[in-house]
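Following: one structure in structure tokens, then a few remarks.
Counting convention: from 1, in listed order, for ligands and their atoms alike.
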Amino acid sequence: MKIPFNKPPYVGTELDYIKQAVQNGRICGDGEFNLKCHEWLENYSGCAKALLTTSCTHALEMAAMLCDIKPGDEIIMPSFTFVSTANAFVLRGAKIVFVDIRPDTMNLDETKLEDAITSKTKAIVPVHYAGVACEMDTILAIAEKHGLYVIEDAAQGMMASYKGKALGTLSHFGCYSFHETKNYSMGEGGALLINKKDFVKRAEIIREKGTNRCEFHRGEVDKYTWVDLGSSYLPSELNAAYLYAQLIESKKILDYRLNCFQFYNEHLETLEQRGLIERPSIPKECKHNAHMFYIKVDSIETRTALLSHLTKSGILAVFHYVPLHVSPVGKIHGRFHGEDRFTTSESNRLIRLPLYYGLEEKDQEFVVQKLNDFF
Ligand SMILES: *Cc1c(COP(=O)(O)O)cnc(C)c1O
């Protein structure tokens with residue numbers, strides 16, 4: 001491929017920090033770099049407590065445990081999302097209730113939400129697709145009225161905001177991903193943002209295999225022991241050091257990506273005016289982070305033909321997601337509430353273009369040219 005779909009972000013200082021982590025003589029979790037990342041995330045977002053995790057998947061699992069999700073509980077979320085959004089709750093025995101998305105942002109349709117609530121509903125999980133926020137004021141008001149937890153899947157959302165507030169800080173819990181396909185990376189990794197102080201102590205315990213080791217290290221208890229359910233959700237210092245290098249340069253990465261987004265957006269305007277594609281739309285209360293640039297074409301047939309045209313030119317473009325409610329496991333553990341008006345039809349039309357830190361303008365020009373050739 002001449003132009004890959006993604007390249008893992010690399011700013012150049014990662015190896016220096018990793019070296020420092022090794023020289024510190026402590027490469028397990030919660031050393032200098034884990035703590036530095038926590039502090040950075042707390043300062044940036046304003047959350048009560050940020051904890052690095054081994055993935056966003058694991059941050060979601062922690063949130064499910066913190067909400068005491070039990071067999072029979074129902075969790076509402078969009079079907080147009082990554083499997084981990086649902087898996088975290090299915091692992092605790094919950095049923096997933098999928099609701100339709102809005103075609104403009106591909107986010108959970110807040111007007112369909114209230115009708116899906118039953119006496120078993122425990123939580124709502126909005127996914128901020130492409131780093132563009134869901135209509136959170138409406139979602140939070142509905143959650144409050146019905147006494148439900150809200151957990152933001154903000155895997156794609158770091159450095160994006162809704163009405164000036166960082167994604168992941170609008171609800172009870174926010175979950176970030178630092179997978180290598182995301183804007184900021186540590187290979188595999190993530191973070192749990194805890195927005196209510198009451199949950200901090202238990203979150204630390206769950207993350208440390210169900211032990212009170214964090215309190216022990218702070219000298220708050222004189223021995224540590226098994227006090228709750230938990231697992232091993234803390235990443236190694238090596239990964240945290242890699243991430244820390246990127247957090248320091250987060251604005252540079254953001255600006256670079258925003259420029260790439262802007263380039264596609266400007267240069268593909270004519271195709272939209274000709275009625276051949278649609279570009280992403282960003283509601284005015286949302287600041288996005290250029291996690292993704294996608295276009296939508298008129299049908300799945302056009303998409304298949306366009307993807308093969310791009311592949312032949314050495315450009316790797318991709319699509320996602322197979323809606324969860326039609327997946328083999330989604331059918332067992334979930335149900336779709338109401339009509340699937342947009343989830344399937346809109347996901348069938350979507351194509352993601354190459355976008356990564358370091359993508360060159362001449363490559364973007366080439367992508368635009370090949371899109372124009374096709375149409
Ligand atoms: C990437 C992603 C995840 C999973 O993140 P990992 O860090 O790979 O576990 C979950 N939800 C969404 C919406 C994602 O994009």
Side-chain angles (χ1 to χ4, degrees), residues 5-6 8-9 37 41 50-65 75-91 96 98-99 101-102 105-108 123-134 136 139 150-160 162 167-168 170-171 173-193 207 231-236 239-240 242-243 246-247 257 280 288-294 318-325 327 329-330 334 343 346-347 350 352 355-356:
F5 171 68
N6 179 60
C37 289
L41 288 166
L51 294 172
L52 283 192
T53 55
T54 28
S55 62
C56 178
T57 302
H58 283 167
L60 288 159
E61 285 180 22
M62 284 182 67
M65 291 173 90
I75 314 295
I76 302 176
M77 66 181 64
S79 170
F80 181 72
T81 182
F82 188 62
V83 295
S84 297
T85 321
N87 236 331
F89 298 90
V90 171
L91 280 169
I96 308 299
F98 298 112
V99 293
I101 51 166
R102 297 164 39 155
T105 56
M106 307 296 282
N107 280 336
L108 178 149
I124 303 166
V125 190
V127 179
H128 303 303
Y129 182 69
V132 177
C134 297
M136 288 306 288
I139 294 170
V150 180
I151 299 134
E152 296 166 75
D153 182 337
Q156 308 174 5
M158 200 179 98
M159 300 296 276
Y162 172 80
L167 303 194
L170 301 153
S171 60
F173 302 103
C175 304
Y176 285 168
S177 174
F178 300 121
H179 184 261
E180 74 165 34
T181 52
K182 302 301 199 288
N183 292 19
Y184 308 96
S185 182
M186 52 199 278
E188 302 276 355
L192 177 68
L193 271 54
R207 181 168 168 269
S231 191
S232 185
Y233 290 129
L234 69 172
S236 140
N239 300 61
Y242 191 100
L243 178 67
Q246 308 211 341
L247 296 182
R257 297 187 72 109
H288 72 99
N289 58 2
H291 172 59
M292 194 188 295
F293 193 92
Y294 64 82
V318 301
F319 65 85
H320 68 177
Y321 303 100
V322 174
L324 297 184
H325 72 286
S327 70
V329 177
T343 300
E346 294 298 296
S347 66
L350 185 138
R352 302 173 64 184
L355 202 171
Y356 48 85

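When all heavy atoms of N107 and C134 are compared, the closest pair comes out as ND2-N, 3.5 Å. Nearest approach of T181 to H291, heavy atoms of both residues: O-CE1, 3.5 Å.
Scanning the protein for heavy atoms near atom 9 (O) of ligand 1, the closest one is T57 OG1, 2.5 Å. Protein heavy atom closest to atom 7 (O) of ligand 1, with residue, atom name and distance, is S177 OG, 2.7 Å. F82 CD2, 3.6 Å is the protein heavy atom nearest to atom 3 (C) of ligand 1. Among all non-hydrogen protein atoms, the one lying nearest atom 2 (C) of ligand 1 is K182 NZ, 3.0 Å. The nearest protein atom to atom 11 (N) of ligand 1, hydrogens excluded, is given as D153 OD2, 2.8 Å; this is a heavy-atom distance.
A donor-acceptor distance shorter than 3.5 angstrom exists from the side chain of E152 to the backbone of G168, with no hydrogens or angles considered. A donor-acceptor contact shorter than 3.5 Å is absent between the side chain of S55 and the backbone of G189.
Only side-chain heavy atoms of Y321 come within less than 4.0 Å of ligand 1; its backbone N, CA, C and O stay farther off. Contacts of A155 with ligand 1, taken as heavy-atom pairs under 4.0 Å, involve the side chain alone.
Exactly one of H288, K182, H179 qualifies for a side-chain contact (heavy atoms from CB on, under 4.5 Å) with Q156. That residue is K182.
Within the 4.0 Å heavy-atom shell around ligand 1 one finds G189. The shortest heavy-atom distance from Y176 to ligand 1 is not under 4.0 Å.
There is a side-chain donor-acceptor pair under 3.5 Å between S79 and H325.
Not a single N or O atom of V127, backbone or side chain, sits closer than 3.5 Å to an N or O atom of ligand 1. Residue Q156 has at least one nitrogen or oxygen atom sitting less than 3.5 Å from a nitrogen or oxygen atom of ligand 1, judged on distance alone.
For the salt bridge (Lys or Arg N to Asp or Glu O under 4.0 Å) test, no residue two or more places apart in sequence or in another chain qualifies with R257.
For ligand 1, the atoms closer than 4.0 angstrom to any heavy atom of S55 are 7 (O), 9 (O).
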